[in-house]
Q: 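To start, I am sharing the structure in question, which I have written as structure tokens.
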Amino acid sequence: MLFILTGTAFAAFVGSFAKGDDLYYTVRNLVLSGSAGLATIFSFQAGRVSGSFFYDDGEYPGRFAVIYLCGILCALVFTFLPVTGWMFLFFYVALARVSDSVTGICGGTGLLVLTTILCEQISLSTFLVYLLSGMIGIALFAHQRDEFYTAVPLMLALGSQLLMIFAGELLIQNKKLVLEETLIPLANTVMNGILICIFLQYYINKVAKKTDNLYLMLNDPESQVMKQVREERAEDYYCAIHTAYLVERIASDLELDVRSAKCVAYYGHLPPEELKEIHFPEPVSVLLEELKRGGKALRKKEAVIVGICYRVIREIQRLNKQNAGKKADYENLIIQMFEKQFTMEALAETDITLSNLRHVRKRLLDEQMYYEVFMNRG
């Protein structure tokens with residue numbers, strides 16, 4: 001983060017020196033650009049602490065720093081270009097994507113401020129054109145998480161910027177459109193579109209899908225870890241498999257974080273020393289910690305559901321051993337467990353609601369055919 005502040009201040013100083021600004025203008029430029037840099041740093045650190053970033057962006061601040069430092073260089077280059085050729089839309093979208101919306105606005109505006117203060121006689125209209133187009137770009141792209149839609153948001157973002165450049169710059173200056181002067185904003189729009197497409201494709205493949213691939217690997221019952229558990233502790237393996245099945249169905253019904261809950265169902269009851277060797281996504285790590293600590297530490301609905309399903313499966317395994325060759329009374333077992341162990345009073349300090357608890361109970365009772373057919377096999 002120090003690179004951001006020092007880089008911004010250095011760029012403002014070099015730009016002021018190259019322009020031949022006097023001491024007062026140089027101090028002004030340093031203060032304004034430095035303030036924008038500080039706001040960006042504070043917003044970034046606040047986002048890391050609050051967990052508002054998508055995926056693992058908070059763990060890799062270098063992504064944000066590299067884009068911002070490239071933006072500083074471009075901000076200096078833009079001072080030599082016509083105002084209709086500034087490409088700030090890409091930096092707004094990219095910075096928001098590797099952090100959050102507030103940080104993206106702070107970072108993009110900081111770069112815009114740097115260019116604006118180093119240019120002579122820049123109008124308020126010019127500043128607003130790029131500020132508003134950047135905010136629109138962030139609004140269209142920054143909140144996409146599990147599904148990424150590029151075509152329509154990109155067309156809207158580029159179209160809105162092009163419209164504002166025409167309305168805020170060309171029409172104001174000439175009172176009419178001149179073909180030669182439309183080439184620069186058109187080139188600006190095309191370059192922004194290309195850069196945003198390249199960046200989003202890279203981000204999806206290297207960041208977003210990386211987490212998805214990790215979940216796919218962890219939630220595979222034939223993964224290396226699960227195979228080892230099956231060889232060493234077959235009963236624990238089948239308990240994890242059956243628990244994951246129930247958790248997946250219940251979490252899906254309640255529209256919870258299905259893949260994290262399922263992952264915790266697979267690994268939640270492994271010994272702590274085995275868990276330390278596995279890299280989990282952050283949501284899974286939080287759920288695992290709650291489940292391991294238990295008691296008042298248990299908060300999230302996913303952790304509660306995993307705990308309930310695990311204990312039910314364990315009791316069914318025990319009942320099947322006691323009644324080998326006989327039909328077990330699964331319904332009575334589940335009803336008694338909910339009356340004695342999984343009452344609303346016992347779970348009062350968790351996030352689960354009475355309606356959620358009733359649904360969990362109903363779903364577990366509806367799965368008696370599964371217990372009879374599959375759980376007697378393993």
Side-chain angles (χ1 to χ4, degrees), residues 4-5 7-40 43 67-96 104-139 157-178 180-192 195-196:
I4 290 178
L5 182 59
T8 303
F10 180 74
F13 177 79
V14 170
S16 301
F17 179 80
K19 283 175 54 188
D21 288 339
D22 60 22
L23 177 62
Y24 302 105
Y25 275 99
T26 301
V27 171
R28 182 206 66 175
N29 295 343
L30 287 172
V31 170
L32 292 179
S33 60
S35 298
L38 283 173
T40 302
S43 180
I67 295 173
Y68 193 89
L69 292 175
C70 290
I72 291 175
L73 295 177
C74 290
L76 293 176
V77 173
F78 293 160
T79 60
F80 299 99
L81 298 179
V83 295
T84 55
W86 295 356
M87 292 186 294
F88 286 106
L89 178 60
F90 164 73
F91 290 103
Y92 271 99
V93 173
L95 290 173
I105 291 175
C106 291
T109 305
L111 298 176
L112 178 58
V113 166
L114 180 60
T115 299
T116 303
I117 61 178
L118 294 179
C119 289
E120 296 292 343
Q121 299 177 345
I122 295 299
S123 66
L124 177 62
S125 176
T126 302
F127 185 85
L128 291 177
V129 163
Y130 291 105
L131 175 63
L132 293 176
S133 61
M135 292 173 65
I136 291 173
I138 288 176
L158 296 176
S160 63
Q161 175 178 275
L162 191 59
L163 177 63
M164 283 188 285
I165 290 176
F166 282 154
E169 293 298 326
L170 299 183
L171 289 179
I172 293 297
Q173 293 175 7
N174 303 315
K175 308 301 182 184
K176 62 179 180 179
L177 290 178
V178 180
E180 292 78 6
E181 294 185 357
T182 62
L183 297 179
I184 294 178
L186 288 175
N188 180 356
T189 302
V190 172
M191 287 302 299
N192 266 305
L195 289 174
I196 291 174

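We're numbering straight along the sequence, starting at 1.
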Q: Hey, could you give me the CD1/CG distance between Ile165 and Leu186, rounded to the nearest 0.5 Å?
A: 9.0 Å

Q: Quick one: OG1 on Thr79 to CH2 on Trp86, what's the gap to the nearest 0.5 Å?
A: 8.5 Å

Q: Between Ser33 and Asn29, is there a donor-acceptor pair closer than 3.5 Å when you use the side chain of the first and the backbone of the second?
A: yes

Q: Side chains of Phe78 and Val83, heavy atoms from C-beta outward: is any pair under 4.5 Å?
A: no

Q: Taking the side chain as C-beta and beyond, is there a heavy-atom pair between Leu5 and Thr8 under 4.5 Å?
A: no

Q: Given side chains that start at C-beta, do those of Thr182 and Phe166 come closer than 4.5 Å, heavy atoms only?
A: yes

Q: Take Ser43 and Thr40 through the side chain to side chain donor-acceptor pair (under 3.5 Å) test and state the conclusion after the steps.
A: CA-CA 5 Å; Ser43 180; Thr40 302; over 6 Å; no

Q: For a 4.5 angstrom cut-off between non-hydrogen side-chain atoms, does Ser125 reach Leu128?
A: no

Q: Measure across Gly108 and Leu95 and return the closest heavy-atom pair with its distance rounded to 0.1 Å.
A: N-CD1, 3.7 Å

Q: Taking the side chain from Tyr92 and the backbone from Thr109, do they hold a donor-acceptor pair closer than 3.5 Å?
A: yes

Q: Are more than 12 heavy atoms from other residues, nucleotides or ligands located less than 6.0 Å from atom CZ of Phe13?
A: no

Q: What's the separation between atom CG in Leu69 and atom CG in Leu111, rounded to the nearest 0.5 Å?
A: 9.5 Å

Q: Quick one: pull up CG in Leu131 and OG1 in Thr126 and give me the separation to the nearest 0.5 Å.
A: 12.5 Å

Q: Once side chain to side chain donor-acceptor pair (under 3.5 Å) is applied, do any residues pair with Asn188, and if so which ones, sequence neighbours excluded?
A: Asn192

Q: Is the ring centre of Tyr68 less than 6.0 Å from the ring centre of Phe91?
A: no

Q: List the atom of Pro82, the atom of Ile184, and the distance in Å for their closest heavy-atom pair.
A: CG-CD1, 3.6 Å

Q: Assess the residue pair Tyr130 and Leu89 against the criterion (side-chain contact (heavy atoms from CB on, under 4.5 Å)); give the C-alpha distance rounded to whole Å, side-chain angles, the decisive distance to 0.1 Å, and a yes or no.
A: CA-CA 7 Å; Tyr130 291 105; Leu89 178 60; over 6 Å; no

Q: Would you compute the distance between atom CG of Leu118 and atom OG of Ser16 and round it to the nearest 0.5 angstrom?
A: 5.5 Å

Q: With sequence neighbours excluded, give me every salt bridge (Lys or Arg N to Asp or Glu O under 4.0 Å) pair touching residues 18-29.
A: Lys19-Asp21, Lys19-Glu120

Q: Which heavy atom of Ala75 sits nearest to which heavy atom of Thr115, and what is that distance?
A: O-OG1, 2.9 Å

Q: Once you round to the nearest 0.5 Å, how far does CD1 of Ile105 lie from CE of Met135?
A: 5.0 Å

Q: Quick one: closest heavy-atom pair of Ala12 and Leu30, and the distance?
A: CB-CD2, 4.1 Å

Q: For residues Ile136 and Met164, determine if any side-chain heavy atom of one lies less than 4.5 Å from a side-chain heavy atom of the other.
A: yes

Q: Please give me the minimum heavy-atom distance between Pro185 and Leu162, naming the atom from each residue.
A: O-CD1, 3.8 Å

Q: Indicate yes or no for a side-chain donor-acceptor contact from Ser160 to the backbone of Ser133 under 3.5 Å, with no hydrogens or angles considered.
A: no

